[in-house]
Amino acid sequence: MSDSKKHDAESGTPPCCQPIVQPTDQASGSAGPRSTSSPESPWITGKIRTAVGKIPVVDTELRFADRFGSWKARWGIRRMGYRIVPGLYATGRPTEKSPVFVTANYKMSFDRLRSQLGRIDSWILVLDTKGINVWCAAGKGTFGTDEIVRRVELHGLREIVEHRRLILPQLGAPGVAAHKVKELSGFRVVYGPVRARDIPAFLAAGRKATPEMRRVTFTFSERVVLIPVDLVGSAKYAFLAAACFLLLSGLGPGIYSLDRVAAYGIISAVFLLAAAVAGAILPAALLPWLPGRPFSLKGAWAGLIPLLGITWLALQHPEIFRNWPTFAAWFCFIPAVTSFMGMNFTGSSTYTSLSGVRKEMRIAIPLQIVGAVSGLGLWMTGLFV
Amino acid sequence: MKLRYLPDVTTLELDAGKCNGCGICLLVCPHAVFVLENKKAEIVDRDACMECGACASNCPEEALMVRPGVGCACAVLNGALRGTEPTCDCGEDSTCCD
């Protein structure tokens with residue numbers, strides 16, 4: 001948040017003395033070298049001639065490459081580089097009366113928007129949000145008043161449309177002061193619906209969104225799409241911790257024993273990975289049904305599921321546990337892990353406040369530390385008794 | 001099922017005296033915190049507020065105040081570790097902000 005303005009200032013704007021932007025300027029690297037779009041991008045289907053030069057026309061049908069790109073971003077594969085060149089684009093055959101939509105240069109945000117504009121001739125003003133989606137960029141201020149005003153100027157929007165109206169996604173609002181955009185650019189901000197799929201209905205109703213269109217939701221399907229990136233994000237730490245458990249399990253009375261690693265280490269590593277998988281999947285999937293409002297509490301409950309599995313194993317195959325402390329250790333350790341992971345899911349959720357997160361962290365973090373340390377202590381004790 | 005977060009935590013404040021009744025806070029709020037009553041905005045669901053700051057930044061009369069921020073534990077930890085305000089800039093492998 002704090003350095004958002006700084007980021008704004010260092011965006012790769014063409015030099016100020018340059019004339020009104022030409023389409024080639026859009027490709028001149030204002031999104032940086034990692035940009036994934038260029039004038040040859042397959043989703044650009046042509047050019048439309050305007051008073052300020054040719055503007056790229058984009059496809060409103062998503063193709064396999066677009067869907068595959070979204071899938072990769074969902075799995076965290078080069079997600080931060082999944083961006084397009086900021087600038088002005090068109091759908092259909094827009095005129096000076098056509099609506100102007102504003103969006104972020106995260107490719108998934110742009111794709112969501114254009115895929116809804118199949119029957120709508122429009123202009124799309126893509127802001128430089130450093131490849132971040134609309135809502136998060138609005139929180140950082142990169143999807144914001146200054147960037148909108150700058151882009152309206154830079155792309156000569158006043159000469160392209162005769163109206164003075166910008167349709168913004170509602171979730172861009174935290175970064176924007178509509179009255180200041182009007183004052184500084186002459187363009188009136190109209191807040192569209194939260195979800196791009198409601199845009200046709202919003203336009204049909206005379207640019208009016210229903211209360212439902214203005215509400216943010218967090219449905220099961222909206223939550224489960226977030227699971228892959230959390231799995232990938234936690235994998236590094238989970239494998240590191242699993243390796244530590246594997247190595248430590250050779251310790252015990254006498255010399256370091258590989259037999260102990262085989263007998264107890266491997267299963268411990270598996271339990272740890274199971275906890276990480278549970279922590280990444282269950283808080284997201286079961287959010288409304290896990291008891292309590294704090295995410296750290298919901299996460300702790302999620303730990304019950306791997307613990308049930310471990311208890312079942314202990315009953316079926318008691319020999320895989322060296323002794324009772326190595327078994328009991330998991331009852332401290334796993335809820336601490338899943339609680340922490342559940343707590344981190346607040347960042348992906350659509351309804352947690354900073355004040356609330358701070359409040360729950362003050363209580364949860366000490367408890368998570370106690371759980372993790374006592375679990376580790378029990379497990380280590382089990383190695384030596 | 002409606003998801004609710006912790007009650008009595010939001011920093012949201014409305015100065016009804018300054019409100020001109022334009023209603024933009026009703027449009028930008030993602031959780032229907034406000035209603036318009038007798039041409040004045042009113043807070044009807046305070047605990048639904050997630051402190052995104054959209055209402056305050058768009059209020060032309062500065063009648064709304066909220067300490068905006070992202071409700072993200074990862075950002076709070078990041079800030080605490082660096083001694084800054086909560087920050088989403090977790091680096092290249094960040095998993096938040098999607």
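To find a chain, count down the sequence lines: A is the first, B the second, and so on, and within it residues start at 1.
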| task | Select, from A/Leu354, A/Thr145, A/Ile365, the one with the greatest count of heavy-atom pairs under 4.5 Å involving chain B. | result | A/Leu354
| task | Check whether A/Tyr191 gets within reach of chain B through its side chain, its backbone, both or neither, counting any heavy atom under 4.5 Å. | result | side chain
| Nearest non-hydrogen partners of A/Gln170 and A/Gly192, listed with the distance | CB-O, 3.3 Å
| field | Heavy-atom pair of closest approach, residues A/Val277 and A/Leu231 | value | CA-CD2, 4.2 Å
| task | Check whether B/Ile24 gets within reach of chain A through its side chain, its backbone, both or neither, counting any heavy atom under 4.5 Å. | result | side chain
| Heavy-atom pair count under 4.5 Å with chain A, highest-scoring of B/Val28, B/Leu26, B/Asn58, B/Val76 | B/Asn58
| field | Audit row: A/Ile148, A/Val176, side-chain contact (heavy atoms from CB on, under 4.5 Å) steps and yes/no | value | CA-CA 9 Å; A/Ile148 294 169; A/Val176 177; 3.8 Å; yes
| said: Evaluate A/Ser109 against A/Asn133 for side chain to side chain donor-acceptor pair (under 3.5 Å), listing each step before the verdict. | reply: CA-CA 6 Å; A/Ser109 304; A/Asn133 70 75; 5.6 Å; no
| Proximity breakdown for A/Phe340 and chain B, heavy-atom pairs closer than 4.5 Å | side chain
| Pairwise side-chain contact, A/Leu127 with A/Thr142, heavy-atom cut-off 4.5 Å (strictly under) | no
| task | Give a yes or no on whether A/Arg223 atom CZ has more than 12 heavy-atom contacts from other residues, nucleotides or ligands under 6.0 Å away. | result | yes
| request: Sort A/Arg358 into side chain, backbone, both or neither according to what part of it lies under 4.5 angstrom from a heavy atom of chain B. | output: side chain
| query | Between A/Ser296, A/Ser349, A/Pro294, A/Gly76, which has the largest tally of heavy atom pairs under 4.5 Å with chain B? | reply | A/Pro294
| B/Asp45 and B/Arg4 ion-paired at < 4.0 Å | yes
| said: Below 4.5 Å, heavy-atom pairs only: which of B/Gly53, B/Ala80, B/Ala48, B/Cys52 has the largest tally toward chain A? | reply: B/Cys52
| query | Checking heavy atoms, do the side chain of B/Cys29, its backbone, both or neither come under 4.5 Å from chain A? | reply | backbone
| query | Have A/Arg195 and A/Thr217 got a donor and an acceptor in their side chains that come within less than 3.5 Å? | reply | yes
| Which atoms of A/Met343 approach chain B - backbone, side chain, both or neither, heavy atom under 4.5 Å | both
| Can you say whether A/Leu171 sits under 4.5 Å from chain B via the side chain, the backbone, both, or neither, judging by heavy atoms? | side chain
| message | At a 4.5 Å cut-off on heavy atoms, which part of B/Cys49 comes close to chain A: side chain, backbone, both, or neither? | response | backbone
